[in-house]
Amino acid sequence: MSIRIDAGACTGCGRCAEICPGALLRLDEAGRAECRYPGDCWSCAACVKACGRGAIALYRAPELGGLGATLRVKKRGEALAWEFTLPGGAVYVINSQPGNAGEY
Amino acid sequence: MRIRHIDADLLIIGGGAAGCYAAIRAARAAVPGPAPRIALVEKAHIERSGCLAAGVNAINAYIGEGRRPEDYVDYASRDAAGIVRGDLLLSMARRLNGTVRALEEMGLLVLKDGAGGYAARGWRNVRIRGENIKPLLAAAVSAESSVAVFNRVNVTAYLTEDNRIRGAVGFGVTEAVCYVFSAPAVICATGGAAGLYRPNSPGFAGHALWYSPFNTGAGLAMGILAGAEMTTLEMRFVALRCKGSIAPTGTLAQDAGAEQLNRLGEAYGERYGLSTAERVYGTRRENAAGRGPCFLRAARAGSGQWEALCRSYLNMSPVQTLQWVEEASAFSGNVTPPPAPGAEIEGTEPYVNGGHCAGGYWVDSDRQTTLNGLFAAGDVAGGCPQKYVSGAMAEAEIAVFAALDYARRCPLSPASVKARDSSVREALAEAERFLRRPAALFTADQLEEAMQQSMDSYAGGIGAQYRYNGAQLARAGDRIGQLLRLSEALRATDMRELMRIYELRERLILCRSLLAHLEARRESRWPGFGEYAEYPEAEDRWLLYVNSRLRAGEVRILFRDLVGKDERYEHTH
């Protein structure tokens, strides 16, 4: 499992590299985030949540059944909008807010 | 390499839930004299480190309405088939609810029931929206001015003198700095160990693990090398997980009421029992009998239930939700929730983990290890299973009070600075050997894979169906010895690679002790977690602790009598 970084959307702020629990990320020579060790990713999504530009998305490795969809999250106050981009480009959203976070 | 000296009154190694909470409690402790100086050292960054990096959707250790801490002790003892420290469980259980209140004060969203109480899941779980639990803990640490946080510093060895701790030495992960911490008391909170065994999916997805792959057992290895006593490492934890994502199954089983079903649609859970180990065991047996694949499947329900489950898993394992969304869309542009949500299940590779099982440091009732001045809390501390987040924090609280007291009573003597400096020189010379070596035949990644394969084949991994025998354990021991030897000749081209070499060595050192424990307990007490082929039954004469100490390079096993919940345990050495 790993992440995909949209270099065009990355501003080079370095937040993802600062907090990645595996020290897997760094800024490349152009000052954009890159994952140096994609196979070492735990898929904790810390970088996905930390990126203010939505430049980092999670995907599932094919050997685990991944079909090419990606996951990003946008924060609006207490609410989290989890965006799933399906292989054809369609976007599916699950909203998580204090009122509905804990049915389970 | 530059050397940086840090003096503290209390050093905390590891900034996960236990370490962060230890720092917060120490900073707020009412002590005579000036406020203690606290150093919190973390290999990653405390905002997203440890096993809670992704978050968690429930507090799994809580004393619900009408229950007593003693009930929790009984539950945990049954689940561990009797091999627990009653004294540790009871003192932890008494503090569980207080830690949940503390988390809520930090801003954690704890779900409420209609009457304004915590929304419970059974009598010992509380529901939360915990994807941000680590950022909240980290923010609370940062608000304490007496805590100095050292992120991206990998502690590699304790500094000791005459069986007494006096600090630790470590290396920067992103900069070439050697850190020397001096402190009269130290709390180890580095967590358990993942990555000892070949995982479910080796290769590119090799870090799709239950436990953080960055938890390497560092604190256990440092303790072993310093001669500290360890307990119950042989009670390895094997988690029952959703296949692929390796996401937790408790939410599906407990909240959605999902049953374990084999391919024939038979609910097989009751046939084997429903303790943690029995759930894993039953699933393995069903697969072995040709009745797999096995699933956890909820009774038929509306799409609302599916989306609620999806939301819940986003709090702790977003990839599981991604998996469900992918399955529900299957290349079409639309998401069609299934009539009965669920997931295929499988057992993971074994872990050493004192938060779910009982393997870890042997501690006294105050959480002091056998190394004077060194305390342990959280998943690195043994004897106290089923602690989870709130229990790890409760242990941190207990350890903090005892450690601050120890620091006051037993300050460091300035006379021993010379001894410290010689230990530091030794540690620095070792690191520089790895960094300066011009070339090496093998890499740390290769040796790690070799270790995982040996443990898998010979020490009861997934590939061996969690079974092992004496001859295989001996073979594994030989291989681990060879790999330890080979690891001395590794080369690091930067500070992160240096960390990887230390991580490999930590795992190998822990494996060596784990193998001795597996060999010593000649019974099969937890068949879901492992089976000793020559000794397939559990026997009452093994109602004791298997402990170990490293002496002159050999792992020496010792047996100790069970400690009950009404006893107080002190080390006699």
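Order of the sequence lines sets the chain letters (A, B, ...), proteins ahead of strands, with each chain counted from 1.
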Exercise for review: Using non-hydrogen atoms and a 4.5 Å limit, figure out which bit of A46(A) sits close to chain B: side chain, backbone, both or neither.
Suggested key: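 It is both, since atoms from each part get that close.
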Show the nearest heavy-atom pair for residues [X] and [Y], with the distance to one decimal.
X	Y	value
L64(A)	A208(B)	CD1-CB, 3.8 Å
G333(B)	A90(A)	O-CB, 3.6 Å
R129(B)	E78(A)	NH2-O, 2.7 Å
L67(A)	A330(B)	CD1-CA, 4.3 Å
S332(B)	L86(A)	O-CD1, 4.0 Å
A53(B)	W42(A)	CB-CZ3, 3.9 Å

Could you tell me whether the side chain of [X] and the main chain of [Y] form a donor-acceptor pair under 3.5 Å?
X	Y	value
E326(B)	G68(A)	yes
R48(B)	C47(A)	no
R496(B)	A23(A)	yes
K49(A)	A54(B)	yes
E63(A)	A205(B)	yes

Review point. When heavy-atom pairs shorter than 4.5 Å are enumerated against chain A, which of V325(B), V173(B), L314(B), L252(B) gives the highest number?
Key: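 Ranked by heavy-atom pairs under 4.5 Å with chain A, first place is L314(B).
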Check your understanding: Pick from P318(B), A44(B), S212(B): which one has the most heavy-atom pairs with chain A under 4.5 Å?
Key ->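 That would be S212(B).
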Tell me, side chain or backbone of [X] under 4.5 Å from chain A's heavy atoms, or both, or neither?
X	answer
S317(B)	neither
A58(B)	neither
E131(B)	both

Exercise for review: May I ask you to decide whether D494(B) forms a salt bridge with R36(A), counting only side-chain N to carboxylate O separations under 4.0 Å?
Suggested key: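 Yes, charged N to carboxylate O under 4.0 Å.
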Check your understanding: Who among A50(A), G88(A), G65(A), G66(A) has the most heavy-atom pairs with chain B under 4.5 Å?
Key ->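 Option with the top pair count is G66(A).
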Exercise for review: Could you tell me which of G89(A), A45(A), P21(A), P87(A) has the largest number of non-hydrogen atom pairs under 4.5 Å with chain B?
Suggested key: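 Ranked by heavy-atom pairs under 4.5 Å with chain B, first place is P21(A).
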Review point. Taking the six-membered ring of Y37(A), is the NZ or CZ of R500(B) close enough (under 6.0 Å from the centre) and on axis enough (within 45°)?
Key: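 The answer is no; the distance or angle limit is not met.
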Exercise for review: Check the surroundings of atom NZ in K75(A): do more than 12 heavy atoms from other residues, nucleotides or ligands lie under 6.0 Å from it?
Suggested key: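 Counting other residues, nucleotides and ligands, NZ of K75(A) stays at 12 neighbours or fewer.
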Review point. Is E34(A) atom CD crowded by more than 12 heavy atoms from other residues, nucleotides or ligands, each under 6.0 Å away?
Key: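 Result for CD/E34(A): enclosed.
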Distance, nearest 0.5 Å, that separates [atom1] of [X] from [atom2] of [Y]:
X	Y	atom1	atom2	result
L322(B)	Y59(A)	CG	OH	11.5 Å
R152(B)	C20(A)	CZ	SG	6.5 Å
S96(A)	L109(B)	OG	CG	8.5 Å
S43(A)	Q320(B)	OG	CD	12.0 Å

Check your understanding: Is the closest side-chain heavy-atom distance between D40(A) and F204(B) below 4.5 Å?
Key ->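 Answer no - side chains too far apart.
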Point to revise | Note, T321(B) side chain near F84(A) side chain (heavy atom, < 4.5 Å) | key: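 The answer is yes, as the side chains (C-beta and beyond) meet within the 4.5 Å cut-off.
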**Study point:** Criterion salt bridge (Lys or Arg N to Asp or Glu O under 4.0 Å) on R15(A) and E47(B), from CA distance to verdict
**Key:** CA-CA 11 Å; R15(A) 272 291 284 154; E47(B) 189 175 324; 2.7 Å; yes
